[in-house]
2 protein chains.
Amino acid sequence: MNEKVAIQGIKGSFHHQVAREYFRDNVDILECLSFDILVDSLLDKAVGSAVMAIENSIAGSIIPNYALIDSNQLHIIGEHYVNIHHNLMALPGQEIKDIKEVYSHPMALLQCKRFFKQFPHIKLVEDADTAETARRIRENKLEGIGAIASKTAAELFGMEILADDIQTIKDNSTRFVIIQTQNSVLPEGEINKASVKFMTDHKRGSLATVLNVMSDCRLNMTKIQSLPVIETPWKYSFFVDVTFERYDDFKKAKSLLQIMTEEFKILGEYKNAKL
Amino acid sequence: MNEKVAIQGIKGSFHHQVAREYFRDNVDILECLSFDILVDSLLDKAVGSAVMAIENSIAGSIIPNYALIDSNQLHIIGEHYVNIHHNLMALPGQEIKDIKEVYSHPMALLQCKRFFKQFPHIKLVEDADTAETARRIRENKLEGIGAIASKTAAELFGMEILADDIQTIKDNSTRFVIIQTQNSVLPEGEINKASVKFMTDHKRGSLATVLNVMSDCRLNMTKIQSLPVIETPWKYSFFVDVTFERYDDFKKAKSLLQIMTEEFKILGEYKNAKL
């Protein structure tokens, strides 16, 4: 039986690509038009897994998604990286000079901003998804409107690519996480990465102390993201990703951090997908 | 002569409130409909100062704004905190059941999401600004459309408040920075906060080492935000805010960090506005 997997956006989106690559095509896709709906589909058990973009090598962390994982007690069971290529597309026969407005996801618009500086007549409008905009333009035969989306989306919906690879930085990688309501069941030998969350007290140097312990336990920090604690303005919690060679090293760090930090929580233990 | 100050959004916005409170009303306001335009107005010398939201106690860092300050070599010369109260407003005479769509800034929509769960018939639409939406509804007499904005905006544009204080977390504070193209000229005795940026090498523990030095120099870290280095996927730079009692302590830390880190940069030295 195929794995039921929720994605943000529709078929043809980068989330769809991740679902197919991570689960090797054996998936039944549930399309979700927001990250909130994506999380609800997990909580309601409509799906067993969901794919969620978590950070981009240009734009940085997608901060609300950290909060969604944390506040809904979800678990990261894997990660996947995709090189993002953005393309400007429209109905077949249209040219760039015909395009008055371009709709896409805010992240895609941000990444292609420099390309559009040469076309000041084009208005950029934020939309819920990349591929979904392409589909809507085609379905409603919207002239004068462009979408920024993947080549797969152009093929799927019969759109014509007016300019390809339009993102400012050509090397544009996005990290996705695979989330579930349950912990991962990987054997310890296969786990070499973990995402943890903790708070520290206000004392000077307390974050440094925590990072020292991680370093002493031979953990390599690959990411740190601070997030405000919403009940206590200007107090922060820290989301940290670490990689390690031996699971026992991480185990030791866990027991120390549980004592040293406030509200220590493991968001996931999984396999490092970064080469 | 009044100080010329650029704000994101229009008069009646929270940025406007900050400009008036920080510069004590002696300001000529330049309204900018995006943070990009705001930065351009500084670079083009149309204004001497600009007000920019940088983080919120609920939603966290406004990451693209860190990149704007950094990549345009701007300087933070001050900061200001505002308690945010969001209100749902519409044309006078309208009731909540008449409202089909509510337009506002994505940050405002995010902060009021829970309130709108009780009104599933209302569609939330992202817009460039809070106050500007209120103005547009009034000007075009748009029935069935609501805005989320401040009480000042409701008064300024003659809108009726249908529900006040609708943000989920009642204690909702936003930190704004005042930016200029030149460094601050405060006397050292008045400086007790600084924003710095640096990169560390990939070596295990290197961020911890930097934070140890800060702690040894009696700096208190109030914020850390990691941001990807766009030319080198998955390498991070760190934006750190520190407070201190003696400027000499910060001076000592500066000279050490210049040696220990890569591309150490001071984004600003200013007066701590947090009580």
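To find a chain, count down the sequence lines: A is the first, B the second, and so on, and within it residues start at 1.
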Under 4.5 Å from any heavy atom of chain A - which part of B/Ser61 = both

request  = Give every residue pair that meets the salt bridge (charged side-chain N to carboxylate O under 4.0 Å, His left out) criterion with at least one member in residues 212-221 of chain A, sequence neighbours excluded.
outcome  = A/Arg218-A/Asp249

key: Within 6.0 Å of CD in B/Gln258, more than 12 heavy atoms from elsewhere   = yes

key: B/Tyr236 OH to A/Glu55 CD distance, which is reported to the nearest 0.5 Å   = 3.5 Å

task = Would you mind telling me which of B/Leu110, B/Leu219, B/Thr168 has the largest number of heavy-atom pairs within less than 4.5 Å of chain A?
result = B/Leu219

task = Output the distance between atom OG1 (B/Thr209) and atom CG (A/Leu211), rounded to the nearest 0.5 Å.
result = 9.5 Å

task = Please look at A/Asp36 and chain B and tell me whether the side chain, the backbone, both or neither of the residue comes under 4.5 angstrom of a heavy atom of that chain.
result = side chain

query = So, do A/Ile224 and B/Phe238 sit near enough that their side-chain heavy atoms are less than 4.5 Å apart?
reply = yes

request  = State the CD1-CD1 distance between A/Ile63 and B/Ile63, to the nearest 0.5 angstrom.
outcome  = 4.0 Å

query = Can you tell me if CD on B/Glu21 sees more than 12 non-hydrogen neighbours from other groups inside 6.0 Å?
reply = yes

ask   = A/Leu227 versus chain B, heavy atoms under 4.5 Å apart: side chain, backbone, both or neither?
value = neither

ask   = B/Met214 versus chain A, heavy atoms under 4.5 Å apart: side chain, backbone, both or neither?
value = neither

inquiry  = Report which part of A/Thr222 has an atom under 4.5 Å of a heavy atom belonging to chain B: side chain, backbone, both, or neither.
reply    = backbone

request  = Return the set of residues passing side chain to side chain contact (heavy atoms under 4.5 Å, CB included) with A/Asn83 (not counting sequence neighbours), or none when no residue passes.
outcome  = A/His85, A/Asp171, A/Ser173

request  = Under 4.5 Å heavy-atom distance to chain B, tell me which part of A/Ser237 shows up: side chain, backbone, both or neither.
outcome  = neither

inquiry  = Is it the case that over 12 heavy atoms from other parts of the model lie below 6.0 angstrom from the NZ atom of A/Lys252?
reply    = no

When A/Gln225, A/Arg175, A/Glu126 are compared by non-hydrogen pairs under 4.5 Å with chain B, the top option = A/Gln225

